[in-house]
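As structure tokens, the structure follows; a few thoughts come after it.
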Amino acid sequence: MRMIASDVRLDDSSIIHHRDLVNLYGCTIGARTRIGTFVEIQKNVIVGKDCKISSHSFICEGVTLEDGVFIGHGVMFTNDTYPRAVNADGSLQTDTDWVVIPTLVKRHASIGSNATILPGVTIGEAAQVGAGAVVTKDVPDGAIVAGVPARITGHVHDRSVNMQALGGMR
């Protein structure tokens with residue numbers, strides 16, 4: 001069984017751990033991007049260069065990850081606000097029965113393990129999403145968000161200032 005479809009645009013410098021344990025189809029993967037095991041990346045997803053996608057993550061159609069994005073373990077993206085299996089008449093839904101809602105993760109953003117990203121949001125440049133957060137609205141550049149629903153808890157600039165005050169120790 002082929003887990004990386006022939007329609008995947010994959011830069012030769014990208015690293016995919018355990019190629020037989022990923023599911024990639026119809027997506028574009030940039031240079032030097034690393035993809036862990038048990039990851040699914042669907043059609044029309046664009047992953048920039050120098051990204052890291054950790055194991056057990058799901059990146060659905062409509063998601064764009066810009067360069068240098070970190071995706072923690074078990075991160076889930078969604079692309080439909082009102083998902084249904086069937087139409088009102090009971091017929092199975094097809095691609096023509098719903099609209100993909102795009103999501104954008106900007107350069108150098110970081111999404112913690114087990115976060116869920118709802119459709120239609122933009123996660124700003126260098127923003128950080130805490131582990132387990134549920135992102136329901138846009139995250140500004142450099143913001144740190146956590147919780148359910150995710151709320152701003154700080155800014156990456158404040159963290160770097162605080163790290164300097166502690167001599168770089170956590």
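As the structure is a prediction and not an experimental result, all values here were calculated from the model. Residues: numbered from 1 along the sequence shown.
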- So, Thr33 side chain and Gly48 main chain: donor-acceptor pair closer than 3.5 Å or not? yes

- Gly132 versus Val148, closest heavy-atom pair with distance: O-CG2, 3.8 Å

- Looking at CD of Gln42 and CG of Asn44, how far apart are the two atoms once the value is rounded to the nearest 0.5 Å? 9.5 Å

- Is the shortest heavy-atom distance from the side chain of Lys52 to the side chain of Ser54 under 4.5 Å? yes

- Is any side-chain heavy atom of Phe38 less than 4.5 Å from a side-chain heavy atom of His18? no

- Any chance you could measure Arg34, atom CZ, to Ile15, atom CD1, to the nearest 0.5 Å? 7.0 Å

- Message: Under a 3.5 Å distance rule, please check whether Ser57 uses its side chain to pair with a backbone N or O of Glu40 as donor and acceptor.
- Response: no

- Item | Straight-line distance of Ile59 CD1 to Thr103 OG1, nearest 0.5 Å | 11.0 Å

- Message: Give me the atom names and distance for the closest heavy-atom approach of Ala133 to Ala150.
- Response: CB-CB, 4.2 Å

- Message: What's the separation between atom OG1 in Thr37 and atom CD1 in Ile35, rounded to the nearest 0.5 Å?
- Response: 11.5 Å

- Query: With the threshold set at 4.0 Å, does a side-chain nitrogen-carboxylate oxygen contact exist between Arg107 and Glu125?
  - Reply: yes

- Query: Under a 4.5 Å side-chain heavy-atom rule over Ile, Leu, Val, Met, Phe, Trp and Tyr, are Leu118 and Val63 clustered together?
  - Reply: no

- Query: Which atom pair, heavy atoms only, marks the closest approach of Asp95 to Lys43?
  - Reply: OD2-NZ, 3.3 Å

- State the CG-CZ distance between Asp50 and Arg32, to the nearest 0.5 angstrom. 4.0 Å

- Query: Shortest non-hydrogen contact from Cys60 to Phe77?
  - Reply: SG-O, 3.5 Å

- Message: With a 3.5 Å distance limit and no angle check, can you tell me whether Ser14 reaches the backbone of Gly30 through a side-chain donor-acceptor pair?
- Response: yes

- Query: Do Ile123 and Val105 have side-chain heavy atoms sitting under 4.5 Å apart?
  - Reply: yes

- Message: Under a 3.5 Å distance rule, please check whether Glu66 uses its side chain to pair with a backbone N or O of Lys106 as donor and acceptor.
- Response: no

- Message: Quick check: do Ile16 and Leu24 have side-chain heavy atoms less than 4.5 Å from each other?
- Response: yes

- Does any N or O in the side chain of Asp138 come within less than 3.5 Å of the main-chain N or O of Thr122, such that one atom is a donor and the other an acceptor? yes

- Is the count of non-hydrogen atoms from other residues, nucleotides or ligands lying under 6.0 Å from Asp89 atom CG greater than 12? yes

- Does any non-hydrogen side-chain atom of Pro149 lie less than 4.5 Å from one of Val134? no

- Item | Ile29 side, atom CD1; Lys49 side, atom NZ - distance, nearest 0.5 Å | 15.0 Å

- Task: Walk me through it: do Val22 and Ile4 pass the test side-chain contact (heavy atoms from CB on, under 4.5 Å)?
- Result: CA-CA 7 Å; Val22 298; Ile4 300 176; 3.9 Å; yes

- Item | Check: Thr64 side chain, Ile46 main-chain N or O, donor-acceptor pair, under 3.5 Å | no

- Verify side-chain contact (heavy atoms from CB on, under 4.5 Å) between Val129 and Val75, making sure each step is shown before the conclusion. CA-CA 11 Å; Val129 175; Val75 171; over 6 Å; no

- Task: Would you please test Ile144 and Val156 for side-chain contact (heavy atoms from CB on, under 4.5 Å) and show each step?
- Result: CA-CA 6 Å; Ile144 299 171; Val156 294; 4.0 Å; yes

- Item | Asp141 side chain to Gly124 backbone, donor-acceptor under 3.5 Å | no

- What pair of heavy atoms forms the shortest contact from Tyr82 to Asp80, and how long is it? N-OD1, 3.1 Å

- Same cluster for Leu104 and Val100 if Ile/Leu/Val/Met/Phe/Trp/Tyr side chains link at under 4.5 Å? no

- Should Val139 and Ile101 be counted in the same cluster of Ile, Leu, Val, Met, Phe, Trp and Tyr side chains packed under 4.5 Å apart? no

- Message: Hydrophobic clusters here meaning ILVMFWY residues chained together by side-chain heavy-atom distances under 4.5 Å, can you tell me if Phe70 and Val45 are in one?
- Response: no

- Is there a path of hydrophobic side-chain contacts, each under 4.5 Å between heavy atoms of I, L, V, M, F, W or Y residues, that connects Ile152 with Ile117? yes

- Check against side-chain contact (heavy atoms from CB on, under 4.5 Å), Val135 and Ile111: CA-CA 10 Å; Val135 178; Ile111 301 176; over 6 Å; no

